[in-house]
Structures are given as C-alpha cells and as structure tokens.
*Asks:* 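Please see the structure below; I have some questions.
Remember, predicted model here, so these are calculated numbers, not experimental data. Atom set for the values below is all heavy atoms of this structure, side chains included, hydrogens, waters and symmetry mates excluded. A note on names: the letters A, B, ... follow the listed sequences, proteins ahead of strands, and every chain is numbered from 1.
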Amino acid sequence: MVNVKNIHKYFGRLHVLQGVSLDVAKGEVVVIIGPSGSGKSTLLRCLNYLEPVQSGEIWIDGIRLDHHRTNIRAVRAEVGIVFQSFNLFPHLTAIKNIMLAPVVVRKRPENEVRQAALAMLAKVGLHDKVDAYPSQLSGGQQQRVAIARALAMQPKLMLFDEVTSALDPELVREVLEVMKQLARDGMTMIVVTHEMGFAREVADRVVFMDEGRIIEEGTAAAVFDRPREQRTREFLGKIL
Amino acid sequence: MPQYVQDRLNIYDAILLLQGLGNTILLCLGGLGLGLVIALFVGLGRASRFRWLSWPAGVYIEILRDSPLLMQLYLVFFALPLLGLNVPIFVAGVTALMLNSSAFMAEIVRAGIQAIGKDQWDAARGLGMGYIRIMRHVVLPQAFRVMIPPGVGLLIGLIKDSSIVSVISYIELTRVGQILTEKTFLSFQVFGIVAALYFLMCYPLSKLAVYAERRLKVSG
Amino acid sequence: MLLDGALTTLHISILTLLLSIVVGTVGALCRMSHVRWIRVPTTWYVEVIRNTPLLVQLFFIYFGFSQINIDVTNYTAGLAGLVVNNGAYLTEIVRAGIQAIHKGQFEAGYSLGLSFRQLMRYVVFPQAFRVVYPPLCNQFIGIILWSSLVSTISVQDLALRGKELASTTFRSFEVYIVLTLIYVAMTLTISGLLKLIGRQLFRQPA
C-alpha cells in the first residue's frame, strides 16, 4: 500500500529526513514515535505531498508521488490526513465541513453526500452537533469532526499527525476511541503520536525515529519492553 | 514638434519645477507645524472624560474627516475674504491643509494617549501627581513614541494632499506640472517627472515609518 | 442640479470600487506569487501609486490620453485614474485578508484534494472577506471623498456642480458649506449602513 524508498528531505540546510524507508501493508496500523525534531511529522506530510522530497521514491497504492505525470489531487483524495491543529473551516458548520470535499472534488450529488456525512458524524459520536460551528465545539469534538471530514472522502490511507497533542487530557480519550474503532474496521493507518497506550492496543507495528532516521521498528511489545537500540531506550526512559 | 521638445529641455522649466517643489515643501511645513499644535489640543480634548470637551472635538474631527479636502480648500478660499481678510492663496492653502491634517492627527493623538494603560495612571496618581503633571511627564512622552509611525504616514499623506492646492492656482509642484504640460503637450514626461519628485519625497518616509514601527514593537 | 452631481459621484464611486476590487484581487495574488517577474512589478505598482498624489495620477492619465491621441470621455479618464489608484490600495487590503488566514487552512484544503481555484472559492475568500470588510468599507468612503478630484478634469460630479452653482449665484460660502454638509451626510449614512450590513452578514452564533 505504502512504499517509501530511501527518501531524503532538506529544509534549507537542515537534513530533516536522512534516507528513510518504510513499507506499510493494506490494513496495517503503524505508529511512529520519537523526540520532537526527529522528522516524524515531516515524513507523514511527505506521504500526501504536502512536503516534496529531494530524493528517493514514495509510492502510494502503486502510484509514484513525485512523478511529473501524477495527478497529485487524485492521490490526495485517496489519502486522508488529520492535523494537530484540527484546521476545520471556521466559516462552515460541522456538516458542511464534511460535505465540502465530496461535493466539490468528487462531484457527488449533495443529498447523497449529506446522508453519508450524517452517518459519519454519528459514527464519531457527534450526531447532535450537525449544524454547530467549529467555534462552538470543544477541542475533542473539533478533532472528531476533522476525522469525519477526512473519512468522508473514503480514503485508502489515513494519516494522523499528533492529533491529540493539542487537546486537554480529558478530551483525548474520545478521539482515541474513534481512532481505535477505525483500526478495528481495517483502515490502513499511519499515526504519529505520544500515546503509548494507544500504540500497545492497536498498533501492528511501532517505528522509532530520531534525527531523521528510523532507528528501530517492531511490534509494540517488542519496542516498548525489549528495545534493542540505546537511543530507543533513552527516549522511552524519558517518557514512560 | 521639435521646438517644443527643445523648450522642455530648457533650464527655466527645470527651475520652475524646483520652485514648485520648494513651494510644496513650504505648504507642508506650514500645514504640519500649525496642524500639530491644533491636533494636540483637539486630541487631548477628544480623549478627555468630560463630555463638553470630547464631543465638540469629535464633531470637529468628523466633519474634517468626512468631507473632501477639495471642499475644505474651496471653503477656506471663499470664506476668508468674506470675513474681510484678503488672503493670498498660499495662506488659504496652508489653512486648509492645516485644518484637514489636524483632524487626522488628533485621532492619532487620541489613540496614542489611550494606548497608555490604566496602570500608568494609577501609579502616577498614587505618587500624588495631578492631571497636567501626569500628562506632561508620564503619558505624553510614552504616547509620543506610539504616535510616530502613524504620524509619519500622515506626513506622507500631507505631501500628497498638498497637490490639491494647485486648483486655486498656487504654483506648487502639481501646478507646475499642469503649466508645463499645457506648454509642451508632453503629459507623460512632465507628470512622470512630477510623480517621480513626489515619490522621492514620500517613499523614504514610508520606509522610515516601517522602521519606526518595527523599533516600536521591539522595545515594547 | 446638485442631485445630478450627487448621483454622478455615487455612480463613479461604486464603479471604481467594483473595478478596484477586481484589480486588487488580481494584484494580491500577483503580490504573493513565487514568480519574480510577476511579483516585483506588482510591488512597484503599489509603491508608486501609494507614494504619489491622486491628482497627479489623474492628470497623468487624462492628459496622457490626449498625448497619445486616444479619445475618451472625461468620465472614463477619471474612472481610469480612480481605479488605477484604488487598485493599489485594494491590493494591499486583499493581500492582508488572504495572509490573515492560517496556513493550516490551505493544508487541510489541499489534503482533501481541492484545486487552487476551489480552495480560493470555498475556503480562502469566504474567510478573507470577513477580514477585508472593514478596511473595504473605509476605502469606499475614501473613494467617495476623493472622487471629488475628478471635478478638476471637468467631470460633472457633486463637486463640479457645486462649483458651478457657487459661481452662478455668487454666494460661494453658503454653497460650499452646504456641499460640505452633503458630503458629510452621504459619508455618515453610507458608513452607518455598511456597518449594519456587516453586522448582519457576519453574525455567527457565539
């Protein structure tokens, strides 16, 4: 499903990704952990071409991302991403936020999209907030709308960029519940997070990154309980 | 028509342009100098907590800001003779510019004064200072710094506004442009040069305003 | 007679506003372009207009048309001058509006597969409009006041009609006082209306 081959990325002189390779199979849930500045968010954002890479290859579902013939918009429609700062459209209600892309990009008829959007809102537990504006919602509710908005495009892959880091602690759980259900339903997910409990419960694989490189990967139990690398041990020691 | 081109290149025209430039500067200095004094008092009045001060100041400001400078110029030009004063056009021009700029400047003064937080007032009153002393030693010195960036913007506006005095035939820079264009029919060249002269006066000031604003933000 | 003039003033002001908004939007997008030979000349345009007087710009265009032997009505020349002038100020206003929008909005839009045009239409401009509305209203008031300068190139607006009235009745002072009050009344009414409209448009449940 996702094949990343030895990519390098620079921000000016800063070598942010130093030869990263990663393969994610369909239905797999991969959690990426690491200290800030390790490049994990950047890696995620390269996967839907929000950031271009300077060398290496990225393949999503058999399509190469940086090929000049690739229709980036079509690829982006198949890859859903949820951001740390939600990025909901403040001038649209919750349901309109969700409906915008399917109507405008996939050109589906409005009532069909509206039905689907209502179902999506129910799925994330917000059936009573259909016509609410983002300013009227709590952080956790906004983030769930953001997830619903990404899901409304029926993507093949979902990316989560530290989606709970900006939330008050008591609101984190409701968002993680939605994500766990998504994993159980078989969605291919790549999640950048600090939530180790979440990783233990649903991750098929955990990847530890530091300073632009993948240091170690394995099952959650393997990485958390029996880390092989020194740097992994140091990092886990600081946060566990 | 070669003879006109030769006319245009002649030195007298260049001198005329410089004279116009000089008169423009004179207009601005006059308008600014007197305007600032008025603005200080009107601005203080507008910021005052006494209705009988802030309301008339408000009316003064609104009327001058919500009517065209052209109208104000005509009013001054035609009104003053009725009061028996035979005014030269320079005085009419300066008066109109002075009144107009004083209104905008008064708002800048008001904003500057009101930008000084209540804490400063509390501290000064606690030290036993009266209104005038507080204004003189605490509020106005601080407000002055705040007023500089918009003040420079106002000066730029004044330089541009001075062009309007050309309509009462005062020989400032724009009027010279009209005269030379009538003579040579070379509008693009003549007004190009005129515009360039205004630009040379205003552009450095606009950079100064940006610089002043940046320094203001840095030192808090 | 003055009424005719007032209508002309309103007429030319509204046209100027609409055309300037178009110029300003294009200008703003150019100002933010990554392409240097688009961005830099646009910046020059804005700086030149902002640092030279409107009257000079009007004369430049008005007398310029006759210099290159193009026949236009005074109204058209005046309108052209006003649009060129206000287009520069609108460019800065629209640019500020677009730049006020959080970068994440662009990222979210692109990530959902929106094209540039779709992003602008559904996400950016609705939000930018909110930011832009107050300065836009101020600019419109400014246009109404400064449009009086077209009287100097013989456009029959309120200012010129007033001047004619003053010279025919020989009661200059009273006429100009009335004229000034008419402008003030127009300005205050229109800005009040615009504020009301603004409050209605941007009313969101708190």
*Asks:* Quick one: of B/L200, B/V194, B/I164, who has the most non-hydrogen atom pairs under 4.5 Å with chain C?
*Replies:* B/I164
*Asks:* Under a 4.5 Å heavy-atom cutoff, which of C/L55, C/I68, C/I177 has the most pairs with chain B?
*Replies:* C/L55
*Asks:* Could you list all the ring-ring contact (aromatic ring centres under 6.0 Å, His included) pairs where at least one residue sits in residues 25-44 of chain B, not counting sequence neighbours?
*Replies:* none
*Asks:* Does CZ belonging to C/R39 count more than 12 external heavy atoms closer than 6.0 Å?
*Replies:* yes
*Asks:* Which value, rounded to the nearest 0.5 Å, describes the distance between B/F188 atom CZ and C/F65 atom CZ?
*Replies:* 7.5 Å
*Asks:* No hydrogens needed, just list the donor-acceptor pairs between chain C and chain B under 3.5 Å.
*Replies:*
residue: C/R50; atom: O; partner: B/K160; partner atom: NZ; Å: 2.8
residue: C/F60; atom: O; partner: B/S187; partner atom: OG; Å: 3.4
residue: C/G64; atom: N; partner: B/S187; partner atom: OG; Å: 3.2
residue: C/Q67; atom: OE1; partner: B/S187; partner atom: N; Å: 2.7
residue: C/Q67; atom: OE1; partner: B/F188; partner atom: N; Å: 2.7
residue: C/Q67; atom: NE2; partner: B/Q189; partner atom: OE1; Å: 3.0
residue: C/Y89; atom: OH; partner: B/K160; partner atom: NZ; Å: 3.0
residue: C/T187; atom: OG1; partner: B/D66; partner atom: O; Å: 3.2

*Asks:* What class does the angle between the rings of C/F59 and B/F191 fall in, given that below 30° is parallel, 30 to 60° is tilted and above 60° is perpendicular?
*Replies:* tilted
